[in-house]
Amino acid sequence: MNIQYKSTRDDSKLFSASYAIVKGLAEDGGLFMPDQFPSLEMNLDDLAKLDYKGIAYEVMKLFFTDFTEEELKYCIENAYDSKFDTPEIAPLASIEGAYYLELFHGSTIAFKDMALSILPYLMTVSAKKNNINEEIVILTATSGDTGKAALAGFADVPGTRICVFYPKGGVSVIQEKQMVTQVGKNVKVIGIKGNFDDAQTGVKNIFGDKEFNELINAKGFRFSSANSINIGRLIPQVVYYVYSYCTLLKSGKIEEGDPINFVVPTGNFGNILAGFFAQRIGIPVHKLVCASNDNKVLFDFFNTAVYDRNREFILTSSPSMDILISSNLERLIYLSCGQDASKNASLMNDLKTEGKYSLTEDMKKFIDQLFVGGYASTEMVDDRIKEIYDETGYVMDTHTAVASAVYKKYINDTKDDTTSVIVSTASPYKFTRSVLGAIEGKKSEEEDFVLIDRLNAKSKMPIPKAVEEIRNAAVLHDTVCEISEMKSEIGKFLGL
């Protein structure tokens, strides 16, 4: 099956997977979507006999059909190697009747490593396949984790540069220090005076600025994205949903064909959308539970069928989810309206001009087949971290705790006893101040690395290499700009 890609806002043209990866965002501002969903070629029992790399190949080959076997295996072998501190890549921990899919064992201790370890390889192979000679400039907005994972992935990769924008004051101290200490001759990190939505909108506007793109093209550069709007980010995330199902199958926790639930802490909607893709290619999924924090725009959307970003932006203890414009939701909206690109484009224009849009009854019915919304307040998150720690000794980060708290409420409300996987997205050491505050019942004014050592003593969890590396690292990036200055800062970075 030859899978091609089309924009969610104009489906009159078809593109190869490699073109979509290099391009990142469609020229009309839409997101690339496969023209059809393939199916897994192996049965699940046989798939369960493979390791993570083997499953990655079986999933990715379905979507990246213009890659040769040699090209794709080259990307996979180089991505999922010793940079992960566990041989399983994505281990499952059994805690209080649920399974926690730990996606934080990569080099930057967050789930973004699962896709951003492979994206640079996919990107450089794709550039060659499309005879692209310009230097690829990765522009990325981050709410905390994507930035560091992208920087680590693309640092000193030949033929690329990367510029990351993050909300100054809107990420954890550890997240910020991970970014601003990043080494590499081709990297740039910039704080903006605004929130993540401002950074994301600014990057999207730069992608859509034809005059500026023509200017940088003339200078030998080409923009692309490392955000989950890039299909090269999204498809690798499908792998760990398939892998977790196969792990449960292999260990006898479920039988082939048994449905499972996934509970996903959600901000930009990319991670949970990958779970939807996994269901479409053959993984038996009962429900995808979308877990929001106090910025519960998605919870309200699932309950009212109205997406409305016109609300207060709240800074929470789970900053990677402090988002009011969930970009990847557009892909689900496109599918829910029968892949009607003009209808989807109209709704996205409503979001841009009015800050909201409404679903039709049929669209809501399509989404409700699989998705359920839930949210957890910061107080609920703190309570859940302490509850799980006190009862089991297991320590989770604030984002995972959002999902765990939502899961607890979901099973209490629904009595759904389906085997459930909670998608654990970051190491607790990334958010030590909040995690330790929840466990101890009080906030500390001590320095962050003092708190890291105390959490280490309490949890007996080894301090990750990614944290030790930045303990005394020098700050290399100190640029902070207004939202209106983002484009000029890129110009300076590129020497224009």
Using the rule given for side chain to side chain contact (heavy atoms under 4.5 Å, CB included), can you reason through Thr398 versus Ile385, listing the C-alpha separation, both sets of side-chain angles and the distance that settles it, and then say yes or no?
CA-CA 8 Å; Thr398 46; Ile385 290 172; 4.0 Å; yes
Between Asn268 and Gln200, does the side chain to side chain contact (heavy atoms under 4.5 Å, CB included) criterion hold? Intermediate values first, please.
CA-CA 10 Å; Asn268 214 21; Gln200 181 170 246; 3.0 Å; yes
List the steps, then state whether ring-ring contact (aromatic ring centres under 6.0 Å, His included) holds for Phe371 with Phe269.
CA-CA 12 Å; Phe371 288 89; Phe269 209 75; 5.7 Å; yes
Verdict with reasoning, Lys177 to Asp448, per salt bridge (charged side-chain N to carboxylate O under 4.0 Å, His left out)
CA-CA 11 Å; Lys177 192 159 188 189; Asp448 281 79; over 6 Å; no
Asp478 vs Val180, side chain to side chain contact (heavy atoms under 4.5 Å, CB included): CA-CA, chis, key distance, verdict
CA-CA 7 Å; Asp478 58 5; Val180 299; over 6 Å; no
Gln178 and Ile109: CA distance, side-chain angles, deciding distance, side chain to side chain contact (heavy atoms under 4.5 Å, CB included) verdict
CA-CA 10 Å; Gln178 279 189 300; Ile109 57 176; 4.1 Å; yes
Atom pairs and distances, side-chain donor-acceptor, residues 84-99, under 3.5 Å, sequence neighbours left out:
unit_1	atom_1	unit_2	atom_2	d
Asp85	OD1	His105	ND1	2.7

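Evaluation of the side-chain hydrogen bond (donor to acceptor under 3.5 Å, both in side chains) rule for Lys193 yields Glu482 as partners, not counting sequence neighbours. Annotation: side-chain hydrogen bond (donor to acceptor under 3.5 Å, both in side chains) contacts of Asp417 (sequence neighbours excluded): none. In this structure, the side chain to side chain contact (heavy atoms under 4.5 Å, CB included) partners of Ser224, at least two apart in sequence or on a different chain, are Met123, Ile136, Ile138, Asn230. The side chain to side chain contact (heavy atoms under 4.5 Å, CB included) test applied to Glu77 returns Lys53, not counting sequence neighbours.
Within 6.0 Å of CG in Asn412 there are more than 12 heavy atoms belonging to other residues, nucleotides or ligands. The number of heavy-atom neighbours closer than 6.0 Å to NZ of Lys409, taken from other residues, nucleotides and ligands shown, is 12 or below. Other residues, nucleotides and ligands place more than 12 heavy atoms under 6.0 Å from the NZ atom of Lys443. Annotation for Glu447: atom CD counts as buried by contact number, over 12 foreign heavy atoms lying within 6.0 Å.
Looking at Asp322 and Asn195, their side chains never bring a donor and an acceptor atom within 3.5 Å of each other. A side-chain donor-acceptor contact under 3.5 Å links Ser327 and Lys204. For Ser320 and Gln175, the side-chain atoms include at least one donor-acceptor pair closer than 3.5 Å. Side-chain N/O atoms of Thr146 and Lys112 include a donor and acceptor closer than 3.5 Å. Side-chain contact annotation: Glu135 with Asn186, donor-acceptor N/O pair under 3.5 Å absent. A donor atom on one side chain and an acceptor atom on the other are not found under 3.5 Å apart for Asp294 and Ser377. Checked by atom type, the side-chain pair Ser318/Thr316 shows a donor-acceptor distance below 3.5 Å. Using modelled atom types, one finds a donor on one side chain and an acceptor on the other under 3.5 Å when comparing Thr400 with Ser424. For the residue pair Asn303 and Tyr375, no side-chain donor N or O sits within less than 3.5 Å of a side-chain acceptor on the partner.
Side-chain rings of Phe104 and Phe111 stay apart, their centers remaining 6.0 Å or farther from each other. If you look at Tyr240 and Tyr52, their ring centroids are not closer than 6.0 Å. Ring-centre distance between Tyr394 and Tyr389: not below the 6.0 Å cut-off.
Two residues are said to be in side-chain contact when any heavy atoms from C-beta on lie closer than 4.5 Å; Tyr429 and Asn456 meet this criterion. When side chains are defined from C-beta on, Arg161 does not count as touching Lys185, because their heavy atoms never get closer than 4.5 Å. Contact of the Ile333 side chain with the Ile367 side chain is registered, since non-hydrogen atoms from C-beta on lie closer than 4.5 Å.
Looking only at distances, a side-chain donor or acceptor of Tyr307 sits under 3.5 Å from a matching main-chain atom of Ser326. Although no hydrogens or angles enter the test, the distance criterion places a donor-acceptor pair under 3.5 Å between the side chain of Asp81 and the main chain of Lys83. A donor-acceptor pair is defined here as one N or O able to donate and one able to accept, closer than 3.5 Å; such a pair exists between the side chain of Arg331 and the backbone of Phe32.
Taking the charged nitrogens against the carboxylate oxygens, Glu446 and Arg454 do have a contact shorter than 4.0 Å, which makes a salt bridge. Lys188 and Glu489 are not joined by a salt bridge, as no carboxylate oxygen comes within less than 4.0 angstrom of a charged side-chain nitrogen.
Sorted by first and then second residue, the salt bridge (Lys or Arg N to Asp or Glu O under 4.0 Å) pairs involving residues 233-247 (not counting sequence neighbours) form an empty list.
Asn205 pairs in a side-chain contact (heavy atoms from CB on, under 4.5 Å) with only one of the listed residues (Asp209, Val203, Thr201), which is Thr201.
Using cut-offs of 30° and 60° for the angle between ring planes, the Phe207 and Phe223 rings count as perpendicular.
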